[in-house]
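So the structure is just underneath, and the comments pick up after that.
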There are 2 protein chains.
Amino acid sequence: MAKKTPTLKRCDPSPVKLNPDPTADDFAKLAWAIAHPARVQIVRFLIGRHACVCGEIVQQLPLAQSTVSQHLKILKESGLIQGEVDGPKVCYCINPVRLKQLKSLVAGL
Amino acid sequence: MAKKTPTLKRCDPSPVKLNPDPTADDFAKLAWAIAHPARVQIVRFLIGRHACVCGEIVQQLPLAQSTVSQHLKILKESGLIQGEVDGPKVCYCINPVRLKQLKSLVAGL
DNA sequence: ATCGTTTATCGTAGATTGCCGATTAACTGA
DNA sequence: TCAGTTAATCGGCAATCTACGATAAACGAT
């Protein structure tokens, strides 16, 4: 009992193992997709409008068309949004399944 | 009726205004904090353990100590975690308020 | 006071991001 | 067919991120 630590311990010393976190990569990927203000706005905009044309998104943001296209590409690669060709235009919309995945991953933290 | 668009419209043409999104920056900041697999694991680890020492996190990850320290710094700057000096060690823990903010922002999408 | 432990910071290198203008590709309509 | 519109891609530049080893700072213990 001489070695009893006198300092009050704030840290839990229980040896809990770190679970393998197989979803960490996917989680990070989804988080990365919305880790930029412009992309947050795009996602919110698409949710609010259900679906809309690329050009409209460009008009709403103070960014060049090419830059917005890059952001849309990133969002598309994450699976959060989908682009459907509609004539010369492209109609973007939210992927509800993927959005739900993001929500449950964050909610499960 | 000759000008009736023959193509079925998938896109909603209703003119909905894009709300100013004052939280977009903060949202992106929080998302950025967990936009890396290592940081996702750190956050999950801290949630699972309630609190723990920096060195333990380093042991759990296949990264150098300095790299983990950088990730911890990013997480701390986002407000998601807090570091409390406990002698020569530093005890990290989740900031529940900030975590709840992240959850509600994502849930509110 | 000095040593050992623990963590943060510095400096560096390579890769990636964000932004833009310019160009290209795809499609419609006259 | 040809012109016009729409969106994606290319090339380039500055900035940031990630990772590491090495070093410095803070603290407890002897």
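Below, chain A is the first sequence line, B the second, and so on; all start at residue 1.
- Each of C/dT17, D/dT18, C/dA8 was ranked by its minimum atom distance to the side chain of B/W32; first place goes to D/dT18.
- Nearest-nucleotide positions on DNA chain C for A/L63 and B/K76 put B/K76 closer to the 5' end.
- Between the side chains of B/R44 and B/Q41, no donor-acceptor pair of N or O atoms lies under 3.5 Å.
- For B/I74, the listed nucleotide lying nearest its side chain is D/dT18; candidates were D/dT18, C/dA8, D/dA8.
- Rounded to the nearest 0.5 angstrom, B/I42 CD1 and B/L72 CG are separated by 4.5 Å.
- Relative to the side chain of A/Y92, the nucleotides D/dG28, C/dG21, D/dA8 differ in distance, and D/dA8 lies closest.
- Between A/I81 and A/R98, every side-chain heavy-atom pair lies at or beyond the 4.5 Å cut-off.
- One finds a salt bridge joining A/R49 and A/E56 here, because a Lys/Arg side-chain nitrogen approaches an Asp/Glu carboxylate oxygen to under 4.0 Å.
- One atom, CD of A/Q59, and another, C1' of D/dA7, lie 14 Å apart when rounded to the nearest Å.
- Picking from D/dA8, C/dT7, D/dA7 the nucleotide with the shortest atom distance to the side chain of B/V53 gives C/dT7.
- Put simply, A/T67 has no side-chain N or O that comes within less than 4.0 Å of OP1 or OP2 on C/dG18.
- As a whole-Å value, the separation of B/K73 NZ from D/dC20 P is 17 Å.
- In this structure, the separation between NE2 on A/H36 and NZ on B/K29 is 14.5 Å, given to the nearest 0.5 Å.
- Nearest to the side-chain atoms of B/Q65 among the listed nucleotides C/dT6, D/dA7, C/dA8 stands C/dA8.
- Rounded to whole angstrom, the span from the CG atom of A/L61 across to the C1' atom of C/dC20 amounts to 15 Å.
- Taking the screw axis at each terminus of the helix from C/dA1-D/dT30 to C/dA30-D/dT1 from five consecutive base pairs, the angle between the two is 20° to within rounding of 10 degrees.
- Put simply, CG on A/D86 is 11 Å from C1' on C/dC27, counting in whole angstrom units.
- Within the 4.0 Å cut-off from OP1 or OP2 of D/dG21, not a single side-chain nitrogen or oxygen of B/S66 is found.
- If you take CG of A/L72 and P of D/dT9, they are 11 Å apart, rounded to a whole angstrom.
- Taking atom CD of B/Q82 as the reference point, atom C1' of C/dT7 lies 18 Å away to the nearest angstrom.
- Side-chain contact of B/R39 with B/S78: a donor-acceptor pair under 3.5 Å is absent, judged by distance alone.
- Applying the 4.0 Å criterion to OP1 and OP2 of D/dC17, one finds that B/H71 has every side-chain N and O outside that range.
- In the set C/dA8, D/dG21, D/dC17, the nucleotide with an atom closest to the side chain of B/A64 is D/dG21.
- For A/H36 and C/dT16, the shortest distance from a side-chain N or O to OP1 or OP2 is not below 4.0 Å.
- Atom pair A/D25:CG and D/dT18:C1' shows a separation of 15 Å (rounding to whole Å applied).
- Residues A/K103 and B/L109 approach most closely at NZ-O, 3.0 Å, considering heavy atoms.
- Rounding to whole angstrom units, CD of residue A/Q70 and P of D/dC13 are separated by 17 Å.
- You'll find the side chain of B/I34 reaches within 4.5 Å of the side chain of B/L102, heavy atoms only.
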